[in-house]
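Only one structure is covered here, and it is reproduced in the block below.
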Number of protein chains: 2
Amino acid sequence: MDNHLVFGELDLTSLLSLSFSSSINELHDKLSELGFGDLRPVHGFMFKCITPDGATGIELAEYLGITKQAVSKIVDFLEKSGYVMRQTHPTDKRGKIIVLTERGWLAMKVKDEILTEIEQRWIENIGTERMQMLKEDLTKLVYEANEGKLSSRIRPVW
Amino acid sequence: MDNHLVFGELDLTSLLSLSFSSSINELHDKLSELGFGDLRPVHGFMFKCITPDGATGIELAEYLGITKQAVSKIVDFLEKSGYVMRQTHPTDKRGKIIVLTERGWLAMKVKDEILTEIEQRWIENIGTERMQMLKEDLTKLVYEANEGKLSSRIRPVW
DNA sequence: ATAATATCATCAATCAAGTTGACTATTTTG
DNA sequence: CAAAATAGTCAACTTGATTGATGATATTAT
């Protein structure tokens, strides 16, 4: 049987999960090759939220869809690994601002380059216009599902 | 700022994750209302793999992207909750075949109905043709990422 | 035909990654 | 100014997975 037909039978939720994991797995395979083998998918999303000005623990927790303590633990690891730093909050003495280090900025840059390559290959597969429509449609679906609210809680369910 | 613009800035991996979680969250909200509040997302995917003829532990592990023991634990829970049964394998005395019970089939049917409703609403949002293209494009991307192999490992990374 | 090897499902132990509730210092609110 | 709320962290706990071993069975090699 033509395998393409088999995939054609996948329902939308399976397609979304597999597409997501495919791209993230490829990204991390390449990050490993480049010396960033200690990074997990959540780190990449955290870096994205942190740039360019830093982010608080609360902001990261909301964005990622995990608790403040979980964020704190991840930041502990990333700080120890040299990707981020905790800074005091400019206006709130209770608060901390998590910022990227030079190595963190490098990792972020490399990540973006790899994702651009992956997406470019996907564009060659389905065409520029179709990629544009794919993104627009997914954006509409997410927008509708969240009743117009800002996106957060990136962590996929399971 | 127009929130739509904000979403427009989401990268593809974020869009995929959020789309996935949005649909699964809505599904499980409705399943809870209908008395299936003890079901997790992985259960729905497991039911799908099981139908119509049952599945072995190995098949479920591969399909879901978790270990045989993790499957065994989940099957323990679902058996206790009345959704599945273990049967002896027809040709391999070592093996078991996991099948759905009447309640399992009902849950599967209700799940499919809810997902059809969600998808119908999404079709009303973006149009029949665009939904068709969305699925085709995601299928191509997953197919290419898996080098033409059959889909498995549904569990999203994180 | 038999022995060696591999496999299936399950077991117990372990681990990773998260959550919970409490705490202190600080900010906000009444 | 006092009460209430909040930010981040702590320790303990929970959840959901993995690991390696086991016994029964199947497959493979001789």
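Naming convention: chains lettered A, B, ... in sequence-line order (proteins, then strands); numbering from 1 in each chain.
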I need the [atom1]-[atom2] distance between [X] and [N], as an integer number of Å.
X: A:Leu60; N: D:dA7; atom1: CG; atom2: C1'; result: 13 Å
X: A:Glu59; N: D:dT6; atom1: CD; atom2: P; result: 16 Å
X: B:His89; N: D:dA26; atom1: NE2; atom2: P; result: 10 Å
X: A:Arg155; N: C:dA17; atom1: CZ; atom2: P; result: 11 Å
X: B:Ile74; N: C:dA9; atom1: CD1; atom2: P; result: 15 Å
X: A:Gln69; N: D:dA7; atom1: CD; atom2: C1'; result: 12 Å
X: B:Lys96; N: D:dA24; atom1: NZ; atom2: C1'; result: 11 Å
X: A:Ile66; N: C:dA16; atom1: CD1; atom2: P; result: 17 Å

[X] side, atom [atom1]; [Y] side, atom [atom2] - distance, nearest 0.5 Å:
X: A:Leu134; Y: B:Leu12; atom1: CG; atom2: CG; answer: 6.0 Å
X: B:Leu15; Y: A:Glu136; atom1: CG; atom2: CD; answer: 11.0 Å
X: B:Asp137; Y: A:Ile126; atom1: CG; atom2: CD1; answer: 4.0 Å
X: A:Gln132; Y: A:Ile123; atom1: CD; atom2: CD1; answer: 9.0 Å
X: A:Glu62; Y: A:Thr56; atom1: CD; atom2: OG1; answer: 8.5 Å
X: A:Glu144; Y: B:Glu124; atom1: CD; atom2: CD; answer: 9.5 Å

* To do: Could you tell me whether A:Asp76 and A:Arg86 make a salt bridge, using a distance below 4.0 angstrom between a side-chain N and a carboxylate O?
  =>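 Salt bridge present between A:Asp76 and A:Arg86.
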* Asked: What residues in residues 75-85 of chain A put a non-hydrogen atom under 4.0 Å from any atom of DNA chain D?
  ->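 DNA chain D contact set from residues 75-85 of chain A: none.
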* To do: Would you jot down, in residue-number order, the residues of residues 23-56 of chain A having a non-hydrogen atom under 4.0 Å from DNA chain D?
  => A:Thr56
* Select one nucleotide: of C:dA9, C:dT27, D:dA17, the one nearest the side-chain heavy atoms of A:Asp92. => C:dT27
* Of the nucleotides C:dC8, C:dA12, D:dG8, which one has an atom closest to the side chain of B:Lys68? -> C:dC8
* When we call it a touch if two heavy atoms are under 4.0 Å apart, what does B:Lys93 touch: a base, just sugar-phosphate, or nothing? -> sugar-phosphate
Is the distance from OP1 or OP2 of [N] to the nearest side-chain N or O of [X] less than 4.0 Å?
X: B:Arg86; N: C:dT10; result: yes
X: A:Trp158; N: D:dT15; result: no
X: A:Ser72; N: D:dT9; result: yes

* In this structure, which one of A:Phe77, A:Tyr83, A:Phe36 forms a ring pair (Phe, Tyr, Trp, His ring centres under 6.0 Å) with A:His43? -> A:Phe77
* Is A:Ser32 reaching over with its side chain to a backbone N or O of A:His28, donor-acceptor style, under 3.5 angstrom? ->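 Checking the backbone N and O of A:His28 against the side chain of A:Ser32, a donor-acceptor pair under 3.5 Å is found.
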* Asked: Just by distance, do the side chain of B:Ser21 and the backbone of B:Leu18 share a donor-acceptor pair under 3.5 Å?
  -> no
* Kindly indicate whether the side chain of B:Lys73 and the base of D:dG16 share any N or O donor-acceptor pair separated by less than 3.5 Å? => no
* Comparing A:Arg94 and A:Gly65 on DNA chain C - which has the more 5′ nearest nucleotide ->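 In this pair, the answer is A:Gly65.
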